[in-house]
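Heavy-atom basis, side chains included; hydrogens, waters and symmetry copies ignored. Keep in mind the model is a prediction, meaning the values are calculated, not measured.
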Amino acid sequence: MAPPARKTGRTVTDKERRKRLVIGVVVTVTVFVLVVGLILVGVRSFKPTKSPNNKKEEASTDAFSADSLVDPIPKAASLGDPEENEDIPLAALAVPPPSPPIPPVSPPSPDVPALPPHPPLPLHPPHLPISPPLPPPEGPAGVPLPPLPFSPPIPPMPPNPPPHAPPPPDSPPPPSIPAVPPPAPPRPPFNPPPPNVCIADEPCGPSALCTPTKRPKPGEKPYVCVCQEGFSGNAYSSGPDKCRDDQQLYLEELFGLNKCYGCKYEPAVYGAYESVNISNVLDMGVGGCGVVRRFVDHGLHAKGVEAVSFPLEDRCADLLASGVVDKAPFDQLPFADGEFELVTAFNTLEYIPKDKLDAVLAEVARVARMRVLIAVQLPDFDNPAGLNTGKLQPESFFPRSWWEERLEAHGLRVSAMRQFMFDQQFEHVTKTKLGPTDGVFVLTRAPSMAAASAHSPERVKCVGCSYMPLVYNIYAPLAADGFSRKYSMASTMVVGPSACNIVRGMDANPPNGLQRLMGLARNEYVIEMGCPDLQDQGKVTFNTGEAADLPFDDAMFDLVLSVHDLEHVPEPDLDQAILELARVTKSHAFALISTCGTDFETQNCQAAQQKEIVHLHSRSWWTKRLLENGLMLVSAPQVFDKRVCEALEELPTLEDKPHLKSLAGLATHVEKDPRFHLKRLGGTGKGFKRCASQYEALRAASQHDLVLSNMYMLQRVDAHQFSPPPAPADP
């Protein structure tokens, strides 16, 4: 019978076997490290113990060593004490011969009794003479003991010689005392600078401090120059850029003695005012006179003014002597009203105290006839660097809107078109654009309404532009008919405050057959504010002579347009102005005159609200005044009468529509569309309609109301009478 199978335990996997092996290795290493550490700690803390016999032997050995090494020469005989060396013989200074070697110690004999230990030899103080040797010790019964073999005999010392005794003849010569070497010289520094380089050469400029350089590099100067405290500039220079007082430098920078602030704007002035006579110019705040000199070199009659004298005496002595520049306060300029065609002020006004700024601006507007050019420094809020003014601190450091409002309070308004022309010219000349901190203002002084030449409103606006489509339909229609053959716009002249805008619009969208176009303003201010570019092109001008005279030949234009001009002409010149219109036209004229009705006047109309109007009368008054001066009123039925249009669609018969049997019912049906009306009904049941007139259609499409009472179609009285063909017969 086979034995029963033995039960086996759980099978150990390879993973568990490796784990156990790792644990065993870790434990073994840890135990080994601990054992080694304990052994090292025990070795370091172990010290050998000494027996009493060892201690005695060490003590005797120490004593013997001390006795055997005692210097037989007293310490008082050292070389450092010459006074005490006088009593010591020279023989005592001799070095004793070396001691014989110590024989080995033999063991004591048993027959010889033990001897007491030999006491240590006393050490003699250095100030006492050396004592004679001690007698040998005695044994029992007074028997002297032989010398110990280990104790060498001490030779007797010779007696001390008397003081100042000569040395014996057989004594050896005294040893030579070596001389003490002198101390080594200090090491010189590396590459030292030349001595007194700042004093001998005087390399620095005045008001500068010179400091030698300890270790200059190759090619560098062996000194450094620095301006003294309170001075700034080039410390190495003796010229104009030398070290100067900071306060003096601030004033020079403020007045532009070393930098011409306005010189970068000066070249653009000539291009911006190319067609304008600016023969005489005033420059305020000349500083170093850089701009004034350029104006004079360009051929202009230039004047300059400065509020302080030191910049004039420093940089403008010749101009000051010749009277080109003057010293005067800016709020009390020594010039007449309107004396200068152009007044410039470059980087000057922002440094004037705020309480004096209004008075200065009033003086600028007074001495300028029309044009002013100002440049100030503006802050740039989009760039932090644009808020830094450097050393200079302007009194008025404000944005552009603040300056425009301040200038307009004194009648100085920005001319948008002239400003654009200046910016374009500046970019063309300097190849750069004006920056956000360059506050250039091209201004125009508004004329006084009390002046004789002020025949236009202060603010220019195109009050007649809305009527131009109607004028095109009257005098230059696209479809030729019997009426249009009587009119022509081949040569047209526009006069009035809206001349700039109308000429600009006609130049961009010319009417049919336009060949020559000319605009005229009664006031130069209108052109300066509205169209200086057109003036440069020769398309607009102003009358330089009498206010009512026109600078054109007789019968020069096919059509003369007077757009809201006559009502602004003063009474003494009104008749002459109408006669001039009749003189320059060949036949026809068209006038827009503000009125308040046809046969009566009222103060509630829109024209009464315009303060610039000199003549506010009815239409009948103007019709009579125009006729008296050679212009008669004519009609234009082709524009103002209703037009006959195509036939209406087929109308329903009366039998189908009982409510249309009566004429009243038919009128009610047609009036649902107010633009048309039935002239009559044909026998075929068809009808015809009449459309709105051209005037009504343009009035409905216009953004502004076209007032019929303000329009005057005129013709010269001595010209061929206007005889329009009869209206077409109704079908």
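Between Leu534 and Ile527 the shortest side-chain heavy-atom distance does not fall below 4.5 Å. Ile578 is listed as a side-chain neighbour of Leu626, based on a closest heavy-atom distance under 4.5 Å. By the 4.5 Å heavy-atom criterion applied to side chains, Tyr475 and Met713 are counted as neighbours. At least one side-chain heavy atom of Pro532 sits less than 4.5 Å from a side-chain heavy atom of Arg418. Counting only heavy atoms from C-beta outward, the side chains of Leu520 and Val494 never approach each other to under 4.5 Å. At a threshold of 4.5 Å between non-hydrogen side-chain atoms, the residues Phe441 and Leu373 do not count as touching. Using a 4.5 Å heavy-atom cutoff, the side chains of Met489 and Asn512 are not in contact. Residues Val367 and Val343 have side chains in contact (heavy-atom distance under 4.5 Å, counting atoms from C-beta outward).
The side chain to side chain donor-acceptor pair (under 3.5 Å) check on Arg371 picks up Glu524, Glu528, with sequence neighbours excluded. With sequence neighbours excluded, the residues forming a side chain to side chain donor-acceptor pair (under 3.5 Å) with Arg504 are Asp533, listed by chain and number. Listed by chain and number, the residues in a salt bridge (Lys or Arg N to Asp or Glu O under 4.0 Å) with Arg294 are Glu266 (sequence neighbours excluded). Applying the side chain to side chain donor-acceptor pair (under 3.5 Å) rule to His410 yields the partners Asp358; only residues at least two apart in sequence or on another chain are considered. Partners of Glu580 under the side chain to side chain contact (heavy atoms under 4.5 Å, CB included) rule, at least two apart in sequence or in another chain, are Asp549, Leu550, Gln576, Arg583. Residues meeting the salt bridge (Lys or Arg N to Asp or Glu O under 4.0 Å) test with Arg400, sequence neighbours left out: Glu404. Among residues two or more places apart in sequence or in another chain, the side chain to side chain contact (heavy atoms under 4.5 Å, CB included) test is passed with Leu708 by Phe640, Tyr695, Met711. Taking Tyr265 as the reference, Asp438 meet the side chain to side chain donor-acceptor pair (under 3.5 Å) condition, with sequence neighbours excluded. His298 pairs by the ring pair (Phe, Tyr, Trp, His ring centres under 6.0 Å) definition with Tyr270, not counting sequence neighbours. Considering only residues two or more places apart in sequence or on other chains, Ala591 meets the side chain to side chain contact (heavy atoms under 4.5 Å, CB included) condition with Ser562, Ile593, Tyr712, Leu714. With sequence neighbours excluded, the residues that form a side chain to side chain contact (heavy atoms under 4.5 Å, CB included) with Pro329 are Asp331, Gln332.
Here the closest non-hydrogen pair linking Pro267 and Val429 is CB-CG1, 3.5 Å. Taking all atoms of both residues into account, the shortest heavy-atom contact from Pro497 to Val526 is O-CG1, 3.4 Å. Taking all atoms of both residues into account, the shortest heavy-atom contact from Leu706 to Ser466 is CD2-O, 3.6 Å. The two residues Cys531 and Val540 make their nearest non-hydrogen contact at SG-CG2, 3.6 Å. Across all their heavy atoms, Phe330 and Ile352 have their closest contact at CD1-CD1, 3.9 Å. Between Val569 and Ala577, the closest heavy-atom pair is CG1-CB, 4.3 Å.
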Dump the intermediate steps for side chain to side chain donor-acceptor pair (under 3.5 Å) on Ser498 and His564, then the final yes or no.
CA-CA 8 Å; Ser498 299; His564 291 288; over 6 Å; no

Show the numbers, then the answer: is there a side chain to side chain contact (heavy atoms under 4.5 Å, CB included) between Phe346 and Val291?
CA-CA 9 Å; Phe346 300 112; Val291 176; 3.9 Å; yes

Verdict with supporting geometry, Met421 and Tyr273, side chain to side chain contact (heavy atoms under 4.5 Å, CB included):
CA-CA 9 Å; Met421 295 170 60; Tyr273 297 98; over 6 Å; no

Determine whether Met506 and Met468 satisfy the following criterion, side chain to side chain contact (heavy atoms under 4.5 Å, CB included), listing intermediate values before the conclusion.
CA-CA 9 Å; Met506 294 181 65; Met468 292 310 298; 3.9 Å; yes

Step by step, would you call Ser491 with Asp558 a side chain to side chain donor-acceptor pair (under 3.5 Å)?
CA-CA 5 Å; Ser491 178; Asp558 296 320; 5.0 Å; no

Apply side chain to side chain contact (heavy atoms under 4.5 Å, CB included) to Lys539 and Met518, showing your working.
CA-CA 5 Å; Lys539 295 181 179 180; Met518 178 60 66; 5.7 Å; no

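Side-chain polar atoms of Thr595 and Asn710 form a donor-acceptor pair below 3.5 angstrom.
The CG atom of Asp565 lies 7.5 Å from the CD atom of Glu567; values are rounded to the nearest 0.5 Å. For the atom pair OG of Ser594 and CG of Leu566, the computed distance is 10.5 Å after rounding to the nearest 0.5 Å. From Leu361, atom CG reaches atom CZ of Arg366 across 13.5 Å, with rounding to the nearest 0.5 Å. Note: Phe295 CZ to Leu342 CG = 6.5 Å, rounded to the nearest 0.5 Å. Atom CD of residue Gln715 and atom NE2 of residue His588 lie 4.5 Å apart, to the nearest 0.5 angstrom. If you take CD1 on Ile278 and CD on Glu341, they are separated by 8.5 Å, rounding to the nearest 0.5 Å.
Enclosure of atom CD in Glu571 by more than 12 non-hydrogen atoms of other residues, nucleotides or ligands within 6.0 angstrom is indicated.
Side chain of Gln535 to backbone of Thr541: no donor-acceptor contact under 3.5 angstrom is found. The backbone N or O of Ala582 sits nowhere less than 3.5 Å from a side-chain atom of Thr585 that would complete a donor-acceptor pair. The backbone N or O of Val442 sits less than 3.5 Å from a side-chain atom of Gln419, completing a donor-acceptor pair. No side-chain donor-acceptor contact under 3.5 Å links Arg413 to the backbone of Ala446. Listed for the Arg369 side chain is no donor-acceptor partner under 3.5 Å among the backbone atoms of Phe340.
Ring pair Phe552/Phe557 is perpendicular by interplanar angle, where above 60° counts as perpendicular and below 30° as parallel.
Of the options Leu412, Leu349, Leu357, a side-chain contact (heavy atoms from CB on, under 4.5 Å) to Arg406 is made by Leu357 and by none of the others.
A salt bridge links Lys303 and Asp326; the closest N-O separation between the charged side-chain nitrogens and carboxylate oxygens is under 4.0 Å.
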Identify every side-chain donor-acceptor pair in residues 627-634 under 3.5 Å, counting partners at least two apart or on other chains, and give the distances.
{"unit_1": "Asn629", "atom_1": "ND2", "unit_2": "Asp575", "atom_2": "OD1", "d": "3.3"}
{"unit_1": "Asn629", "atom_1": "ND2", "unit_2": "Arg625", "atom_2": "O", "d": "2.8"}

